Each structure stands twice: as C-alpha cells, then as structure tokens.
A.B. asks: 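Next up is a structure, given as structure tokens.
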Amino acid sequence: MVEHLLDFMLGPLRGLGRFYFEHQLIFNTLIVAVAFANIIRHRKKPQHNE
C-alpha cells in the first residue's frame, strides 16, 4: 500500500529516487569530497587583520 501511495504522490520523481538509492555510495562520496574541498579551500585563504 505504501508503494502505491508513493507512486501516486511522487509520480515521475520515483525513478529518480530509485537511481539515487542504487548509487547512493557514489553520490555521498562526491558530496563529502566537495564539502571537504570547500573546508580546505577556505582554510588556506589569508586573513587580513587591518
């Protein structure tokens, strides 16, 4: 029953969710890598104390 409700409410986005869950490890790794790169990049900027 829950599957039918989700199909009705999400419609075509349901396939996108399946794709994400099948490749979740890849997506989460990319998200963590981008966040880590942003932290490193912001840490290396020189701070001007004027």
Side-chain angles (χ1 to χ4, degrees):
M1 174 148 179
V2 173
E3 289 292 322
H4 295 293
L5 287 173
L6 287 173
D7 285 337
F8 176 73
M9 290 186 287
L10 296 176
L13 294 178
R14 184 74 179 188
L16 185 63
R18 275 193 207 105
F19 180 78
Y20 171 76
F21 287 124
E22 288 174 7
H23 301 92
Q24 191 172 12
L25 180 64
I26 296 168
F27 286 120
N28 288 347
T29 302
L30 288 172
I31 291 168
V32 169
V34 168
F36 187 69
N38 282 336
I39 291 171
I40 296 297
R41 186 175 39 183
H42 287 292
R43 210 177 263 183
K44 287 186 177 180
K45 286 185 179 179
Q47 294 179 354
H48 300 288
N49 294 333
E50 295 180 26

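Keep in mind the model is a prediction, meaning the values are calculated, not measured.
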A.B. asks: Other hydrophobic cluster members with Val32, side-chain heavy atoms of Ile/Leu/Val/Met/Phe/Trp/Tyr under 4.5 Å, chained?
C.D. replies: none
A.B. asks: In Å, rounded to the nearest 0.5 Å, how long is the span from CG of Asp7 to CG of Leu13?
C.D. replies: 11.5 Å
A.B. asks: Enumerate, atom names and distances included, each donor-acceptor pair closer than 3.5 Å involving a side-chain atom of residues 18-25, sequence neighbours excluded.
C.D. replies:
| from | atom 1 | to | atom 2 | distance (Å) |
| --- | --- | --- | --- | --- |
| Tyr20 | OH | Asn28 | OD1 | 3.1 |
| His23 | ND1 | Phe19 | O | 3.0 |

A.B. asks: Going only through I, L, V, M, F, W and Y residues with side-chain contacts under 4.5 Å, is there a path from Ile31 to Val34?
C.D. replies: no
A.B. asks: Which ILVMFWY residues are connected to Ile39, directly or by a chain of links, through side-chain heavy atoms under 4.5 Å apart?
C.D. replies: none
A.B. asks: Excluding sequence neighbours, so at least two apart, what forms side-chain contact (heavy atoms from CB on, under 4.5 Å) with Leu30?
C.D. replies: Ile26
A.B. asks: Run the salt bridge (Lys or Arg N to Asp or Glu O under 4.0 Å) test against Glu3 and tell me which residues pass, sequence neighbours left out.
C.D. replies: Arg14
